[in-house]
Amino acid sequence: MGLDRNAFSAGRAELAHARRAVASLIGRAALFGTFANLLLLAGPLYMLQVYDRVLGARSEETLVALSLLLALCYLIMAVLDHARARLTARAGALLHDRLGGRIFDAQISRAAVAADDRLAQGALRDLDALRMVMGAPVLMALFDLLWTPLFLAAIFVFHPLLGWAALGGCALLIALAALNQATTRALRHNTAAALDRANRLADALRAEAPTARALGLTAFGRARWHHDQEAARDDGLRLSDRHALFASATRGGRLFLQSALLGIGAWLVLRDALTPGAMIATSVLMGRALAPVEQVIGQWALLQRASRGWRQLALLLTECPGSPAPMPLPAPEPRLQVEQLTVVPPGARAASLRMLSLSLEPGQALGVIGPSGAGKSTLARALAGIWPAAAGSIRLGGTPIGLFPPAELARHLGYLPQQVPLFEGTVAENIARLDPTPDAKAVVAAARRAFAHEMILSLPQGYDTPLGPGGAGLSGGQIQRIGLARALFGDPVLLILDEPNANLDNDGSEAMNAVIRDAKARGRVVLVMAHRPAAIRDCDRLLVLDGGQMRALGPPDQVLRAEVGNHAEVLRAATPGGVA
Ligand SMILES: Nc1ncnc2c1ncn2[C@@H]1O[C@H](COP(=O)(O)OP(=O)(O)OP(=O)(O)O)[C@@H](O)[C@H]1O
């Protein structure tokens, strides 16, 4: 990725801290591995003894004793192997537990400002890759790799010529693997990118399947998907051919190496430079020395994936630093002050809201109107703490909103976005902001305030009605009412309603105005972003935005008279049954 190491050192430190927590498990696994590897030497030693002692002395007792000893060694080795596999798998699970919550929060805070952020999208998969690699045999093979030099040294002890041949063979196999990696890098990248494009398109079309079919997007969508799939298939085939070539060469090389060592050993035996037992033991030792090399080479992709995941997570954690446990702040008074607020949408170059100042006292409602793209939703998002202020400030009850921890700020805010997202879970859980054990009284109170109680009771299982993703199974108006109940849950001091009556009929619009009146009567501050005049009827101040700037702010009559040519018509439309 070509990133400066220091650029994500804070994240690295955080990951290393979590890794230290699992170090004792890994340490124990490594200790067991040490003994298991030492016991591996029992095989070659047994052969050495059988060839050089048992066959020479023709002693059956020695053979039986040696065989029993060998069986005991292998039994202990199997137990140790099993124990270390369990330990490394648990180390992976523990690492996942340690980091899971933090990474979940970090990816949400990053996605909150840029929904299509790749780092956020892949974070949980990166964490899974770390967990998997710790439980995979490749981690143990990495430990075993440390023993390869010892086995090679043992071969050197038998004869230096055998040692050099073994060392050269190992180097050749590693060089082959490195060459494989280097020559397939571009292919791997292209295959993954094409597959990613194809899958994202398929996911998007599937998520909007009915609309996609009705709009006739399927045929061209399929053609695009095919195009990317074909690219992925062609590069994937080239990649698998290349891998197969290297895999065959490696396998052939390894088999040849083992036989070659036997051949050199036999030649040395003929010249009385080696015993036959040492000749056989060398071949077995070579097999042991190469086994972890082969395993690491074979599972290199898994290691690479985990190492990429580690880097990406380090970057994510650096960019979304965890806040130390914040000092709890008193609940703010319902008073809003916005000063010289400028907001630049994430990823955009230009500000979509500039130098806006306003203040609202308890019990005041502000209507925000303006043409499409004027900056109304931008203001709503900034007030809800979603988009940060590029300049200026937003204070709630005198406290800058950035000082509230996000979860605490969310409790003081009731935000109804233009597109209301509902999630899999019951109606009650959705109103209680996904609390799996929702406070029934608070849920019903919020639904009553939102005039949604009767509507919810008419659903098949009332508050326990399960909803599909996005609120599947409900009408647009029902979704909006449940979204409003969720905004009112916990009786927040500031209500931000972005196009609240977009999907509502006249009764729904009336109910919405009653919600605004009720909130005002209880001293709450309300902001209503609206296209339909009916939504601003109960607002006592009106803000007109245009091109991200304030055009007017004041009492609705006055502002409409000054700003809108047909103000009389607009005021008439603001009454029930008026023109939408
Ligand atoms: N996520 C974004 N990234 C970049 N620019 C954005 C983003 N969202 C909005 N904008 C830009 O900010 C400007 C204001 O958009 P905003 O959604 O605030 O307008 P609006 O008044 O709510 O419009 P509408 O009435 O159509 O909902 C627009 O020019 C838009 O292009």
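Heavy-atom basis, side chains included; hydrogens, waters and symmetry copies ignored. Ligands are counted one by one from 1 in listed order, and the atoms in each one are counted from 1 as well.
- Using the six-membered ring where Trp is involved, H453 and Y463 have ring planes that are tilted, between 30° and 60° apart.
- In summary, the atoms of ligand 1 found under 4.0 Å from a heavy atom of Q418, numbered by their order in the structure, are 27 (O).
- Taking 4.5 Å as the limit, some side-chain heavy atom of R305 sits within range of a side-chain heavy atom of D126.
- Among protein heavy atoms, the minimum distance from atom 26 (O) of ligand 1 is reached at S372 OG, 3.1 Å.
- In terms of protein heavy-atom proximity, atom 3 (N) of ligand 1 is closest to P345 CB, 3.6 Å.
- Distances from atom 23 (O) of ligand 1 to the heavy atoms of A351, G370, G548, G373 put G373 nearest.
- The side-chain heavy atoms of R537 and E510, taken from C-beta on, include a pair separated by under 4.5 Å.
- Heavy atoms of S377 found under 4.0 angstrom from ligand 1 belong to the backbone as well as the side chain.
- Residue G375 places a heavy atom under 4.0 Å from ligand 1.
- Not a single protein heavy atom sits closer than 4.0 Å to atom 30 (C) of ligand 1.
- No side-chain heavy atom of P332 sits under 4.5 Å from any side-chain heavy atom of T399.
- Among all non-hydrogen protein atoms, the one lying nearest atom 18 (O) of ligand 1 is T378 OG1, 2.5 Å.
- Shown in contact with S352 at under 4.0 Å from a heavy atom are these atoms of ligand 1, numbered in order with element: 12 (O), 13 (C), 14 (C).
- Close approach to A374 involves these atoms of ligand 1, each under 4.0 Å from a residue heavy atom: 19 (O), 20 (P), 21 (O).
- Proximity of R541 to L553: side-chain heavy atoms (C-beta onward) are separated by under 4.5 Å at one or more points.
- Residue-ligand proximity: G347 is placed with every non-hydrogen atom at 4.0 Å or more from ligand 1.
- Looking at M529 against ligand 1, nothing comes within 4.0 Å, counting heavy atoms.
- Between the CD1 atom of I496 and the OG atom of S377 there is a distance of 11.5 Å, given to the nearest 0.5 Å.
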Is there a salt bridge (Lys or Arg N to Asp or Glu O under 4.0 Å) between R238 and D234? Walk through the geometry before answering.
CA-CA 6 Å; R238 275 198 285 277; D234 293 347; 5.9 Å; no

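- Heavy-atom proximity to W387, at under 4.0 Å, picks out these atoms of ligand 1: 1 (N), 2 (C), 7 (C), 8 (N).
- For A348, every heavy-atom contact with ligand 1 shorter than 4.0 Å involves the side chain, none the backbone.
- Using a distance-only test at 3.5 Å, with no hydrogens or angles considered, no donor-acceptor pair links the side chain of D235 to the main chain of R188.
- Salt-bridge annotation for D498 and R381: absent, with no side-chain N of the basic residue lying under 4.0 Å from a carboxylate O of the acidic one.
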